[in-house]
There are 2 protein chains.
Amino acid sequence: MQHHDRIRAVEWSDEGLKLLDQRLLPRLEQWVLLKDALGVAQAIRDMVVRGAQAIGVTAAYGAVLAARDRYAESPEHWRNAIEEDFRILAESRPTAINLFWALERMKARLAGIEGDPVVALLDEAKRIHAEDVAANYRMGELGAELIEGPCAVLNHCNTGSLATGGFGTALGVIRAAYGAGRINHVFADETRPWLPGARLTAWELVEDNIPVTLIAEGAAATLMRQGRVKWVIVGSDRIAANGDVANKIGTYSLAVAARHHGVKFMVVAPTSTVDMTIATGADIPIEERAEEEVLTLAGTRIAPDAAHAWNPSFDVTPAELIDAIVTEKGVVEAPTLEKMKAMMAG
Amino acid sequence: MQHHDRIRAVEWSDEGLKLLDQRLLPRLEQWVLLKDALGVAQAIRDMVVRGAQAIGVTAAYGAVLAARDRYAESPEHWRNAIEEDFRILAESRPTAINLFWALERMKARLAGIEGDPVVALLDEAKRIHAEDVAANYRMGELGAELIEGPCAVLNHCNTGSLATGGFGTALGVIRAAYGAGRINHVFADETRPWLPGARLTAWELVEDNIPVTLIAEGAAATLMRQGRVKWVIVGSDRIAANGDVANKIGTYSLAVAARHHGVKFMVVAPTSTVDMTIATGADIPIEERAEEEVLTLAGTRIAPDAAHAWNPSFDVTPAELIDAIVTEKGVVEAPTLEKMKAMMAG
């Protein structure tokens, strides 16, 4: 059994929602048990769990916890009371659309419920979770087919089992393509400031016995110039209607360098990440996180005390720098509004 | 008195050569006292001192220590014995040409010496040191004139008082241009893996009261896309005859992004950094340092135990991506072999 079948970032149990604490990986595998929606929102904000699709799944289970508490408090007024929980969950992070998408699905399911809502909502959350995993396997197949290999690829951030319901988006494509002999080596950039590449992607790949070499982000352009990678493969936190892609800070820099060197650029994300209500990437809200993420490392301040930092957590890669967007509904090459519409309708 | 007049990375004293330990900054200002050439070579290798021009100055003083020991051991045979010291100093790091350039100057001075060589060699080392500072002030003027401001700029790595004999190359231009009202804000990227941007550049700028904002390298392209910087200003470890520039890893990525966004790209380095014997950047030896620099942070391993890393310490930016090379002999815009030759002859 491969690691990615074993590892889940998010697990429902009778006691509550269990999250594998991603702040501590790979040093410690420690689970956090959450029993109410407030705790779930806090865990998302603090990045106990991260990754657009994993956040969506987590929020869905958070809504189950909210319903359990609110119904127990008042079988009459729980529908009003739970609105506040939805609001708090929705405010936990601003960029990844999957959070809002999952909460909307949970709200829609609420509408038809009579009596105790927990069984129905838990069913919906588990569906969201299972559909995400299924979408990832499907994207793995579709994305792998695009890669003429065997070749090496570059991955940014973490987009694996830990970032999703399981298997992964970009890392799912990498897993599938490695299994199919189309990829033979993965370069993972460490992805400052939070280091998900160094801490999480390297861990997942080492566990799956897929050859991985870490690099500082500054080395990525040289890697491309030396012809050592054929594709950059990344995930996404939100895709606008025209195919502009918001993803972890540093993605755009890689897209610019990839185009400069004729390296292909693939974005892998389920349709739950596509926001057709937003025309272009310019309208995607970009979270800015605390400057301490840049000013400190492993708890130690690295910068002088008086220094300040700018810490946008995401950037936007314009559609014209993207060779392919892979969703579970299909592949959109050289994305445009028309092609995105056709894919979403498909 | 501004900080850059006070701080020196390298100081000669009667007891020996003092280096400000750059591995500990900005947390600790601690000096290392070196009494022989072997210790100097080790300090360069271990990056107690770093920065092409600071390494050159350090190696020159290292040759003085070697001469003192070898002459004391044997006033007859010291000229043979010192060859081994020159070899060890030269092997301390491979990329920065200033190291070899300074040692060649020291060797040339040796030739005419009779009797005790220490006074003459110390005079030569001090000349190399003083000339470097003078070149930096001159480059500061020349580079500042290129900047139509007031504007913000982006700096990579550390190229200040700590990287040179004093004042700095790229940071010298930034200091001069800030003083002249042409620059009003500096973005410093942290420069993984060794973090000289976060640790050293931010420190020098804070001490000089020049407004500085730290960013992760992944945010640089977004900064450019938002039109927030007009110039990227960097130093160099070696410049080939055609104007290709070796500099700290990550420089090339910034040059690609700068060209993509119409941001100008300036390289600031004295003629001691220009290697007219090397035709293009492809022939510059690029040091690869220990993978632990990428796999660990502040002494803590961040990557999984089985992970490996590729850690090139420098990259090469081709001349066609460079808008101006500034030396103490003048400005070479859109560098070519012919223009570089003319500048060097000037």
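Being a predicted model, the structure only gives us computed values, none of them experimental. Convention: sequence-line order gives letters A, B, ...; per-chain numbering from 1.
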Less than 4.5 Å to any heavy atom of chain A: does that hold for the side chain of [X], its backbone, both, or neither?
X: B:Leu254; value: neither
X: B:Val294; value: both
X: B:Ile302; value: both

inquiry  = Which atoms of A:Ile286 are under 4.5 Å from chain B, going by heavy atoms: the side chain, the backbone, both sets, or neither?
reply    =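 For A:Ile286, no heavy atom lies under 4.5 Å from chain B.
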
request  = Go through A:His156, A:Met224, A:Gln226 and name the one with the most non-hydrogen pairs under 4.5 angstrom from chain B.
outcome  =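 Of the candidates given, the most pairs with chain B belong to A:Gln226.
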
task = Specify which of A:Glu291, A:Arg199, A:Arg225, A:Glu217 makes the most heavy-atom pairs with chain B at under 4.5 Å.
result =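 It is A:Arg225.
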
request  = Specify which of B:Ala216, B:Ala255, B:Ala303, B:Pro211 makes the most heavy-atom pairs with chain A at under 4.5 Å.
outcome  =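 Maximum pair count with chain A is reached by B:Ala303.
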
query = Do you know which two heavy atoms are closest between A:Ile249 and A:Thr191, and how far apart they sit?
reply = O-CG2, 4.4 Å

request  = Show your working on side chain to side chain contact (heavy atoms under 4.5 Å, CB included) between A:Arg259 and A:Asp323 and close with a plain yes or no.
outcome  = CA-CA 9 Å; A:Arg259 180 57 52 92; A:Asp323 292 288; 4.1 Å; yes

Does this structure show an ion pair linking [X] with [Y], if we count only N-O contacts that are shorter than 4.0 Å?
X: B:Asp305; Y: A:Arg27; result: yes
X: A:Arg192; Y: A:Glu190; result: no
X: B:Asp208; Y: B:Arg175; result: yes

